[in-house]
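Read the structure below first, then the notes.
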Amino acid sequence: MTGPLAILADSWNYLVVICLMMGGLFIVISQQNLVKKLVGLAIFQTSVFLFYISVGKVAGGTAPILMKATDVAYSNPLPHVLILTAIVVGVATTALGLALVLRINAAFGSIEDDEILAMKAAASVPRARRDASSSEGAQ
Amino acid sequence: MMFMTPQTALMIGIVAPLVTALLTPFLGVRANWRDVAGPIGAVITFVAALHVAGDVMQGGSPEWVLATLAPGIDLSFRVTELGAVFGLVASGLWILAGIYSVGYMRGNHEKHQTRFAAFYAVAVHAAMAVAWSGNLLVLFVFYEVLTFSTFPLVTHKDSKAARDAGRLYMSILVGTSVVLLLPAVIYVWVMTGRLDFVSGGILKDAVSSEVVPWLLAAFAFGIGKAALMPFHRWLPAAMVAPTPVSALLHAVAVVKAGVFTMLTVVVYVFGIDFLSASGGGTWLVWLTSFTILASSFVAITKDDLKARLAYSTISQLSYVVLGAALATSIAAQGAALHIVMHAAGKITLFFCAGAIYVACHLTKISDLDGQGPQMKWVFGAFFIGALSIIGIPPTGGSWSKFYLMVGAADAGMVFVLAVLSLSSLLNIYYLLDPVARAFFKPKTRQVEVEWHPLTVWPPVITAGISIGLFFYAGPFLDLASAMVTR
Amino acid sequence: MTLSQIIANLPGLVVAIPLLLAPVVALVPLSSLAWVLAVVGTGLSLICAVLIQGSVTGGASYSYFLGNWPPPWGIEFVVDAASALTVVIMSGLAFIATLFARQGLLAEIAEKDAGMAYAAWLLACGGLSGLVMTGDAFNLFVFLEISALSSVILIALGSGTDRRALVAGYNYLLIGAVGATFYVIGVGFIYAVTGSLNMADLAGRIPDVPQTTAVMVGFGFMMAGILVKAAIFPVHIWLPAAYSFAPSAVSALLAAIATKASLYVLARIMFTVFSGTPDVTAIAVEFVLIPLALGGIFVGTILAIYENDIKKLLAFSSVAQIGYIALAFGVASTAGVAAGFVHIGNHAVIKGGMFLAVGGFAIALGRRIDLDSMVGLGRRMPITTIGFLICGLSLIGLPLTAGFISKLYLVRALIEADMIFIMGLVLFSSALSVAYLWKIVEVLWHKPTVSTPVPETPGLYLPLWMLAIGNIWLGVAPAPLIEAAGRAAMQLVGGM
């Protein structure tokens, strides 16, 4: 059985991965809101997690715990372990990103990229006047 | 001098100017000590250069290896015949220029005299290192050091004009050397696997003769200091510097480093025989002929004395490059001699221009009418210097011009003879014009003349040297012929 | 632990010492003690790196198995001429930047943040060393993220003097995370095809598997991710803001070592992991790496010429210099890769020194340094200015400085590879680069509006002068670096 439908049936999981990946990347690029950008990043990273898990999964395979029976197919455990690491990294990235967004909000009074960009020019004044300008930004 | 081996003399000649430069800031608070340090350093350097030249004449080639720059390429100094000549010229004239610059800077009440003196000595150090460099890469290294160390001197006045001139100076000299000279050097290195200077050249079996014109072009234009048209604009621009800079650096050290490099490349890298056999130098003969005449015509239009001298220098530098491009042994000797003769003559002219400026603050030739009787010695020296540049006996300049003409005839390029003759006529017109005005025209401006003796005696002495070189050119002739025969 | 055990564990220690010290430093309340620990950490790791370098001078290479698990199952650290050289350069520069950070960092961040800042500093150093040492493709991603996240923290610390540092940090985080994720995707493809993550193992397996699109796609994703991290044009956009708004000490640290590690990884992936598929790498080099490198060289140089803010100018210059390194790797001959390693070392010394000098200016004057504030600094702060000038002249390749040696070897490699046109472009851009330095040099000795001398403290100018002297030393006697770079190139490219 070949044709587009067959591909869809056989590898729908990869299609999901691609959709999530493109969607996430699109959000990162297109959104102005800094939090939404982070959400996009998280989706993008999650798609990669799914990709690894799909690769490691053997059809009909079970968890790789040694059993007495000899004809058991095991799924590859390594991708799962890798993704465990990647998830930790992803969480750290998101956490740090959100922390930065908080600080940006405190400093600029906005979390919209374009608004902050417009404010940057006002910030490039000598140190003495900078405090005044940041309070302007907060209004 | 028995206590000095040629090798220690070589070290002293390289190090003495540098030590002078490093000591100058510390002597800055005591102006008299500082100003004596320069000439003392110069005398030491000159004695060392004499010693080195003497050894080279007897067939030696002193060498000093400092460090390894690249596998097979050392940071080393080794004196060739041509290098001995240039080293003598640069260090010998530094003595007089050093004395003169003290008089000029004090007479003119210039600022930052310490900085000036320090960079002046660094520039001489770089010129000596260029003269005695052991291979093409070391030569390039100090060629660049020379450019950078003269920048503070060119922009000494700190005015907008000086800054603009400094930009032009840097962009042409650094631009040409980086874009053309460096790849040419590396190309030679890649093709031959070596960069040292060998009589007869190293390229003979390494590159085909089709490449020769292109490689020669990369060198000729890459050596911006030789002021070959169209890369000559930096030299008139550099005239914004105080006159001692123009005198020693832009009539002797810097520009001569340029033509010295060109001649070295032709004699010791290409090899005269290989260059003439390949015919790759012909286009350069035409271009230098054009530069000689064109810059002479430009010089005629200049009313500013230093600008006129600058264009005259451009023209004279092309004599040397022409001698190299003709690629005959006589012409190459003429080129080597011209480095010496033109240096003595042109430094005299610049000394005089500066002396006139210090004495009565005149820079325009049209203002000089009738000023001669007030400044007899200065204009007398100017006259002798001009004769040497024109090439009229009994001055040294007549030797080099004679050799160049014979060389041109030897190469079968008869039109070059016409170019050289026409150029001499133009020289007579634009160099003797200021002298004639000064003595024979009625005075148009009343000016107060205020001497500084240290600005007057150096030009008189160099004028004497110009005459002396006519009668005692022997050692230089020997070195020049050793350069092509050894 | 006996001495021999320590020696055997050097490759692990060079990475582990800074990483393990980081949490300790984070808990130290006293900022001076935290700094001492940071100096000890980077210093020890420098000693380890030098010892490692000593052990590979004979051309030897060996592996270090983390936790004694042999590859391809365990994670392997590869010690050869290339990784040893890069680690020495990086830990040396990190050590000098840490010396500067005593006064340099504290002047620009709050005292209470100091412990955390030094912790992030150590994490960044350890992460970047790990990036270079590791021989495992996935482990590389972990180090990539350790160094990236800690760098983001360090960059954002600049908000004490300029709030734009926060945005710069955020953007670096975002772009860096996307880049790292791209890299992971690439690793996933390669793993799916070969079933291995060990680089040496991969190098053997990739030629044997069917050359499907998967290999190409994997290679492409991995390269794309690394290009982002190495700040190669046009994915360099995070770099100028990050370098210019970070605290001065951080700018110096990152400029000296951060992109260098990624550039090394780039070479490693191209020349080791994918050494078995020369046609794939050849395409990548010819149609991607060389054009992008040239683009970066010109864009960086031209933007620098028109920039007045000195830190940003230096950052743009870094984009151009990274282009030179990438171009040298793009030549893909032994001479080219060697030239790339020479410039990795030289540029670290040059740009590290320049950022330290600008940091010294900024701290002494208490303001951001632009062209106007450089006027007359030669008279007001002569020691720092002359150090800056030496590094600057080295940047534009004045002979007898490190920069000239880089230029010499790059041009030589290009001529040997018959890339005469590209060589012309390189030299032209190199002449252009004089312009942006020269506009600074011109004003240094002008008459300043305020001509009072500014006090200079040894804590700020001694590290700078170490690098300035390094520049001259590497310019006059470059033989050790050149030989080490040559060995590194031989091991990476082999007899190609």
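Note on naming: letters A, B, ... go to the chains in the order of the sequence lines (proteins, then strands), and numbering restarts at 1 for each one. All values below come from the heavy atoms of this structure, side chains included, with hydrogens, waters and symmetry mates left out. Quick caveat: nothing in here was measured; it's all calculated off a predicted structure.
With a threshold of 4.5 angstrom between heavy atoms, V434(C) approaches chain B through side-chain atoms but not through N, CA, C or O. When heavy atoms are compared at a cutoff of 4.5 Å, I396(C) approaches chain B solely by way of its side chain, counted from C-beta outward. For a residue to count as touching a neighbouring chain, one of its non-hydrogen atoms must lie under 4.5 Å from one of that chain's; by this rule L66(B) does not touch chain C. Using a 4.5 Å cut-off between heavy atoms, M191(B) does not touch chain C at all. Both the backbone and the side chain of V178(B) come within less than 4.5 Å of a heavy atom in chain C. If you measure heavy-atom distances from Y143(B) to chain C, you find no contacts under 4.5 Å at all. For chain C, the nearby part of F148(B) is the side chain; its heavy atoms alone come within less than 4.5 Å. In this structure, the portion of L393(C) lying under 4.5 Å from any heavy atom of chain B is its side chain and not its backbone.
Taking CG from L181(B) and CG from L427(C), the interatomic distance works out to 10.5 Å, rounded to the nearest 0.5 Å.
Remark: R412(C) qualifies as a cation-pi partner of W189(B) under the 6.0 Å distance and 45° angle criteria applied to the six-membered ring.
Residues A431(C) and G175(B) come closest through the heavy atom pair CB-CA, 4.3 Å. Heavy-atom minimum distance, K407(C) versus L182(B): CE-CD2, 3.9 Å.
When V426(C), V411(C), I405(C) are compared by the number of non-hydrogen pairs under 4.5 Å with chain B, V411(C) comes out ahead.
Annotation: F428(C), atom CZ; neighbour count of heavy atoms from other residues, nucleotides and ligands within 6.0 Å does not exceed 12. Annotation for K204(B): atom NZ does not count as buried by contact number, only 12 or fewer foreign heavy atoms lying within 6.0 Å.
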Trace of the side-chain contact (heavy atoms from CB on, under 4.5 Å) decision for I186(B) with L414(C): CA-CA 10 Å; I186(B) 298 175; L414(C) 286 168; over 6 Å; no

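Between F404(C) and F140(B), the ring-plane angle classifies as parallel under the 30° and 60° cut-offs.
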